[in-house]
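One structure is given below, encoded as structure tokens.
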Amino acid sequence: MAKFELKLPKMGESVAEATITNWLKNVGDTIAMDEAVLEIATDKVDSEVPSEVSGVLVEQLFGKDEVVKVGQTIAIIETEGGSVEAPKTAEVAAPIVAEVAKIVEVAKETVAPADFSGSDKFFSPLVKNIAKEEGVSIAELESISGSGKDGRVTKEDILNFVKNRTSQPVLVETVTPVAQPIKQPVQSTTTSAVPVSVNGGDEIVEMDRMRKLISGYMVASVQTSAHVQSFIEVDVTNIVKWRDKVKGAFEKREGEKLTFTPIMMEAVAKALKDFPGMNISVDGDYIIKKKNINLGMAAALPNGNLIVPVIKNADQLNLVGMAKAVNDLGNRAKAGKLKPDDTQGGTYTVTNVGTFGSVFGTPIINQPQVGILALGAIRKVPAVIETPEGDFIGIRQKMFLSHSYDHRVVDGALGGSFVKRVAEYLEAFDVNREY
């Protein structure tokens, strides 16, 4: 018999840890090679961890809702024969196993069960450790609205609670009718919500994990950034004509459908090169100028939730490459097959509200970015057309671009100039161009 250490696999350069959301196999279960053993979740993506070997699960080193670092051993699988070796030799593995056992023992000693024996809720050892170190009481711990499965409190939940609590006193019952600091509303996400009247005909449905995360991100973004918007109408008649002319040949040659999205993304990437001040993020009092242009592409999921996969180095793609990237990420998002790294590293985001018929919108910034562009629906409208022979009324294809940006670091001149440049690229689209 040989023992194999199943480790949390690397999920991208920017993903360092994940939370275990569910064990698909129990101790004693037989596992086939490539069969999923457990489900994990990063900030935005849920995925499965498959086994690299066939065998029997003999040990689970972490429980549900516990946070695991990339490369950590999460389970032990016993394999038949000696053909499959553990990643490390016995001499190297022994001290590691001993160290793990030591850490577990220390955790047991540092988290006194009596400290939380008065609570009926489940809290992971990690959460208890943080609570004890930060002096969080049972009442405070129970008041935290958990974003984990079944409402369990995660590491991020308690760290956010501690951060908010240290910045201001925890006062839930009293509401003072004077202006409050901008961070005040954050506290409401970690305390009991205002009671809502429910009658016999109402249905109560708990938010799923992703909706809880989205809810937290949106509230935090509004409280973090000073949102301001600029709107501009764009004549995209040439783009519509060109796409109608080439979409059939494009799909036949490239094996990809040609939508309007990659054309828009191409223009946004060009504009970001012209205005690098929009391709930044904010960290406290510091501005981080991003070297790469990584475009986030908001995508609606079949379950009604939203996710933002990222097109890396978008400015380096031609239209064919952009179309392939857009279609690939969109299809994998709908199928639930995005990898954690697919949603990381975005420097600017585009959302297509026109897909659902909206003329324009006021999107919320995807933190820590400083801008997001909403693409409105393309409509046939009567317009004044200027010619050397004079002005006349004609039917044109037009759309609105809605630019939300962070007024802390982006003023109207930059925010307005950027969206105007996107419009200029779209209106100057060559109807005779080759794709």
What is the minimum heavy-atom distance between [X] and [Y], and which atoms define it?
| X | Y | value |
| --- | --- | --- |
| Ala75 | Trp23 | CB-CH2, 3.9 Å |
| Ile76 | Leu57 | O-CD1, 3.6 Å |
| Ile293 | Ala269 | CD1-O, 3.8 Å |
| Pro50 | Leu6 | O-CD1, 3.6 Å |
| Thr79 | Ser54 | CG2-O, 3.3 Å |
| Ser402 | Phe360 | OG-CB, 3.0 Å |

Task: Residues forming a side chain to side chain contact (heavy atoms under 4.5 Å, CB included) with Ser358, sequence neighbours excluded - done: Val353
Task: Residues that Val70 engages under side chain to side chain contact (heavy atoms under 4.5 Å, CB included), provided they are two or more places apart - done: Leu8, Lys10, Met11
Can you tell me if [X] uses its side chain to pair, donor with acceptor, with the backbone of [Y] under 3.5 Å?
| X | Y | result |
| --- | --- | --- |
| Ser417 | Leu414 | no |
| Ser225 | Val222 | no |
| Thr351 | Ala298 | no |

In plain terms, say whether [X] and [Y] are close enough for a salt bridge, that is, a side-chain N and a carboxylate O under 4.0 Å apart.
| X | Y | answer |
| --- | --- | --- |
| Arg209 | Glu39 | no |
| Asp406 | Arg408 | yes |
| Lys25 | Glu35 | yes |

Which value, rounded to the nearest 0.5 Å, describes the distance between [X] atom [atom1] and [Y] atom [atom2]?
| X | Y | atom1 | atom2 | answer |
| --- | --- | --- | --- | --- |
| Ile77 | Phe4 | CD1 | CZ | 6.5 Å |
| Ile40 | Thr21 | CD1 | OG1 | 8.0 Å |
| Met264 | Leu295 | CE | CG | 14.0 Å |
| Leu375 | Thr261 | CG | OG1 | 7.0 Å |
| Ile130 | Phe161 | CD1 | CZ | 13.0 Å |
| Thr347 | Lys312 | OG1 | NZ | 10.5 Å |

TODO: Determine the sole option in His403, Arg421, Gln369 for which the side-chain contact (heavy atoms from CB on, under 4.5 Å) test with Met278 is passed.
DONE: His403
- [ ] Identify which one of Val268, Ile263, Asp274 satisfies the side-chain contact (heavy atoms from CB on, under 4.5 Å) criterion when paired with Tyr425.
- [x] Asp274
State, yes or no, whether a side-chain contact exists between [X] and [Y] at a heavy-atom distance under 4.5 Å.
| X | Y | value |
| --- | --- | --- |
| Tyr217 | Ile364 | no |
| Leu272 | Asp315 | no |
| Val49 | Val37 | no |
| Val282 | Ile288 | no |
| Leu426 | Leu401 | yes |
| Met399 | Val234 | yes |
| His227 | Ile372 | no |

Task: Where at least one partner belongs to residues 244-301, residue pairs that pass ring-ring contact (aromatic ring centres under 6.0 Å, His included), sequence neighbours excluded - done: Phe250-Tyr435
Under 3.5 Å, side-chain donor or acceptor atoms of residues 319-332 against the rest of the protein: list the pairs with distances, not counting sequence neighbours.
unit_1: Lys324; atom_1: NZ; unit_2: Glu254; atom_2: O; d: 3.2
unit_1: Asn327; atom_1: ND2; unit_2: Glu256; atom_2: OE1; d: 2.9
unit_1: Asn327; atom_1: ND2; unit_2: Lys257; atom_2: O; d: 3.0
unit_1: Asn327; atom_1: ND2; unit_2: Ala323; atom_2: O; d: 3.3
unit_1: Asp328; atom_1: OD1; unit_2: Arg332; atom_2: NE; d: 3.2
unit_1: Asp328; atom_1: OD2; unit_2: Arg332; atom_2: NE; d: 3.4
unit_1: Asp328; atom_1: OD2; unit_2: Arg332; atom_2: NH2; d: 3.1
unit_1: Asn331; atom_1: ND2; unit_2: Asn327; atom_2: O; d: 3.0
unit_1: Arg332; atom_1: NH1; unit_2: Asp342; atom_2: OD2; d: 2.7
unit_1: Arg332; atom_1: NH2; unit_2: Asp342; atom_2: OD2; d: 3.4

Open item on the list: The test is side chain to side chain contact (heavy atoms under 4.5 Å, CB included); show your working for Asn22 and Leu24 and say whether it passes.
Closed with: CA-CA 6 Å; Asn22 186 36; Leu24 302 176; 3.5 Å; yes
TODO: Apply side chain to side chain contact (heavy atoms under 4.5 Å, CB included) to the pair Lys420 and Ile232, showing each step before the final yes or no.
DONE: CA-CA 7 Å; Lys420 182 181 178 183; Ile232 191 167; 4.1 Å; yes
Open item on the list: Does atom NZ (Lys245) have a neighbourhood of more than 12 heavy atoms from anything else shown, all under 6.0 Å?
Closed with: yes
Open item on the list: So for atom CD, which belongs to Glu424, do other residues, nucleotides or ligands contribute more than 12 heavy atoms lying within a distance under 6.0 Å?
Closed with: yes
Open item on the list: Walk me through whether Tyr405 and Ser230 qualify under side chain to side chain contact (heavy atoms under 4.5 Å, CB included).
Closed with: CA-CA 8 Å; Tyr405 45 96; Ser230 292; 2.8 Å; yes
TODO: Return the set of residues passing salt bridge (charged side-chain N to carboxylate O under 4.0 Å, His left out) with Lys290 (not counting sequence neighbours), or none when no residue passes.
DONE: none
Task: CA sep, side-chain torsions, deciding dist, call: Lys289, Asn279, side chain to side chain contact (heavy atoms under 4.5 Å, CB included) - done: CA-CA 7 Å; Lys289 298 180 178 180; Asn279 199 52; over 6 Å; no
Open item on the list: Going by the rule ring-ring contact (aromatic ring centres under 6.0 Å, His included), which residues pair with Trp242 if we only count those two or more places apart in sequence or in a different chain?
Closed with: Phe429
Open item on the list: Using the rule given for side chain to side chain donor-acceptor pair (under 3.5 Å), can you reason through Gln367 versus Ser221, listing the C-alpha separation, both sets of side-chain angles and the distance that settles it, and then say yes or no?
Closed with: CA-CA 6 Å; Gln367 297 295 326; Ser221 181; 3.1 Å; yes
